Amino acid sequence: MMSLWAGKEVVQTMVAYKAMAADQRALASIEINMSDIPEGQTKTFEWRGKPVFVKHRTKAEIAREKSVNVADLRHPQHDDERVQKDEWSVVIGVCTHLGCVPIANSGDFGGYYCPCHGSHYDGSGRIRKGPAPLNLHVPAYAFKDSSIVIGSN
C-alpha cells in the first residue's frame with residue numbers, strides 16, 4: 001500500500017513540475033473586444049508570452065491585399081487563407097527570420113517592418129522583402145459575438 005501511495009506522489013509531483021506555468025495557463029486564450037480597435041488601426045496583445053497584432057483593416061487595405069499576385073510571393077498564401085473575416089487580420093508579431101518584433105503599420109507594404117534586419121510584411125502578414133523566409137504566423141482564433149478569442153478555433 002505504501003509503495004502505491006509513494007508511486008502516486010511521484011507521478012503527481014512530476015506532472016505538476018512539467019505542467020504549463022500558471023501565468024502561461026492564464027494566457028492559454030485571450031478575448032479581445034473588436035470595438036476597442038478602430039478601423040485602420042493595429043493593436044498589440046500578449047498571448048502565451050508573444051505579441052499578437054490584431055489589425056482592423058479598411059476596405060482599401062482589404063482590396064490591396066486581395067489583389068496581390070500570390071505567384072510573386074516567397075511564401076505563397078492568398079489573403080483568404082490568412083484571415084477568417086476580411087476586416088480582421090490576426091498574426092503573431094514575431095519575425096520569422098530571427099524572432100525580433102516587427103513594427104506595425106510600417107514598411108514598404110503598409111503592414112509590418114522588422115527593424116532588426118529589414119524584413120517587410122504586407123497587411124496580411126506575408127513576407128514581401130528582406131531576409132525572413134516565411135510569413136508571420138497566424139494563431140488559432142475564433143470570432144465570438146463582438147470579440148476575437150485567440151487560442152481557440
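Computed from a predicted structure; not experimentally measured. Positions are given from 1 along the sequence.
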Check: Using 30° and 60° as the class limits, which term best fits the ring planes of Phe53 and Tyr112: parallel, tilted or perpendicular?
Finding: parallel
Margin query: Between Ile148 and Val54, does the side chain to side chain contact (heavy atoms under 4.5 Å, CB included) criterion hold? Intermediate values first, please.
Written below: CA-CA 9 Å; Ile148 300 171; Val54 179; 3.9 Å; yes
Check: Which heavy-atom pair separates Ser147 from Glu31 by the least distance, and what is that distance?
Finding: OG-OE2, 3.1 Å
Notebook entry, point to check: Does the side chain of Lys55 reach to within under 4.5 Å of the side chain of Trp88, using non-hydrogen atoms?
Noted result: no
Note to self: If the threshold is 4.0 Å, N to carboxylate O, is there a salt bridge linking Asp108 and Arg128?
What the structure shows: no
Checklist line | Rounded distance (nearest 0.5 Å) linking atom CD1 of Ile150 with atom OG of Ser29 | finding: 9.5 Å
Checklist line | Value rounded to 0.5 Å, distance of CD in Glu87 from CD1 in Ile37 | finding: 12.5 Å
Note to self: Let me check something: do Leu136 and Trp47 share a hydrophobic cluster, defined by ILVMFWY side-chain heavy atoms less than 4.5 Å apart, either directly or through other members?
What the structure shows: yes
Next item on the list: Please check if atom NZ in Lys66 has more than 12 non-hydrogen atoms from other residues, nucleotides or ligands closer than 6.0 Å.
Entry: yes
Next item on the list: Work out which heavy atom in Ser35 is nearest to a heavy atom in Asn33; give both atom names and the distance.
Entry: OG-OD1, 2.9 Å
Margin query: Can a donor-acceptor pair be found, under 3.5 Å and without considering hydrogens, that links the side chain of Gln77 to the backbone of Val70?
Written below: no
Note to self: Taking the two cysteines Cys114 and Cys95, do their sulfur (SG) atoms come closer than 2.5 angstrom to each other?
What the structure shows: no
Item checked: Ion pair check, Lys59 and Glu39, cut-off under 4.0 Å -> no
Check: Is the gap between the ring centers of Tyr113 and Tyr121 under 6.0 Å?
Finding: no
Check: Are Val138 and Leu73 in one and the same hydrophobic cluster, where Ile, Leu, Val, Met, Phe, Trp and Tyr link if side-chain heavy atoms are under 4.5 Å apart?
Finding: no
Notebook entry, point to check: Which pair of heavy atoms, one from Phe109 and one from Arg64, lies closest together, and at what distance?
Noted result: O-NH2, 3.9 Å
Checklist line | Nearest heavy atoms of Gly125 and Val91, plus distance in Å | finding: CA-CG1, 4.4 Å
Margin query: Within the structure provided, determine whether Pro139 and Val90 are in side-chain contact (heavy-atom separation under 4.5 Å).
Written below: yes
Check: Regarding Asp79 and Ser124, is there a side-chain donor-to-acceptor distance under 3.5 Å anywhere?
Finding: yes
Check: Okay, side chain of Lys43, backbone of Asp36: is any donor-acceptor separation there less than 3.5 Å?
Finding: yes
Checklist line | Minimum heavy-atom distance Asn135-Thr96, with the two atoms named | finding: O-CG2, 3.2 Å
Margin query: To the closest 0.5 Å, what do you measure between SG (Cys100) and NE2 (His117)?
Written below: 6.0 Å
Next item on the list: Examine distances only and state if a side-chain atom of Arg74 and a backbone atom of Gly130 form a donor-acceptor pair shorter than 3.5 Å.
Entry: yes
Note to self: Under 4.5 Å between side-chain heavy atoms, counting indirect links through other Ile/Leu/Val/Met/Phe/Trp/Tyr residues: same cluster for Leu134 and Val68 or not?
What the structure shows: no
Note to self: Can you confirm whether Ile127 sits close enough to Ser119 that some side-chain heavy atom of one is under 4.5 Å from a side-chain heavy atom of the other?
What the structure shows: yes
Check: Taking all non-hydrogen atoms of both residues, which atom of Tyr141 and which atom of Gln84 are closest, and how far apart?
Finding: O-NE2, 2.8 Å
Next item on the list: Could you tell me the separation between the CG atom of Asn69 and the NE2 atom of His78, rounded to the nearest 0.5 Å?
Entry: 9.5 Å
Next item on the list: May I ask you to test the Pro51-Val94 pair for a side-chain heavy-atom distance under 4.5 Å?
Entry: yes
Check: Is any NZ, NE, NH1 or NH2 atom of the basic residue among Glu65 and Arg82 found under 4.0 Å from an Asp or Glu carboxylate oxygen of the other?
Finding: no
Note to self: For the backbone of Thr58 and the side chain of Glu61, can you confirm whether one donor and one acceptor N or O come within less than 3.5 Å of each other?
What the structure shows: yes
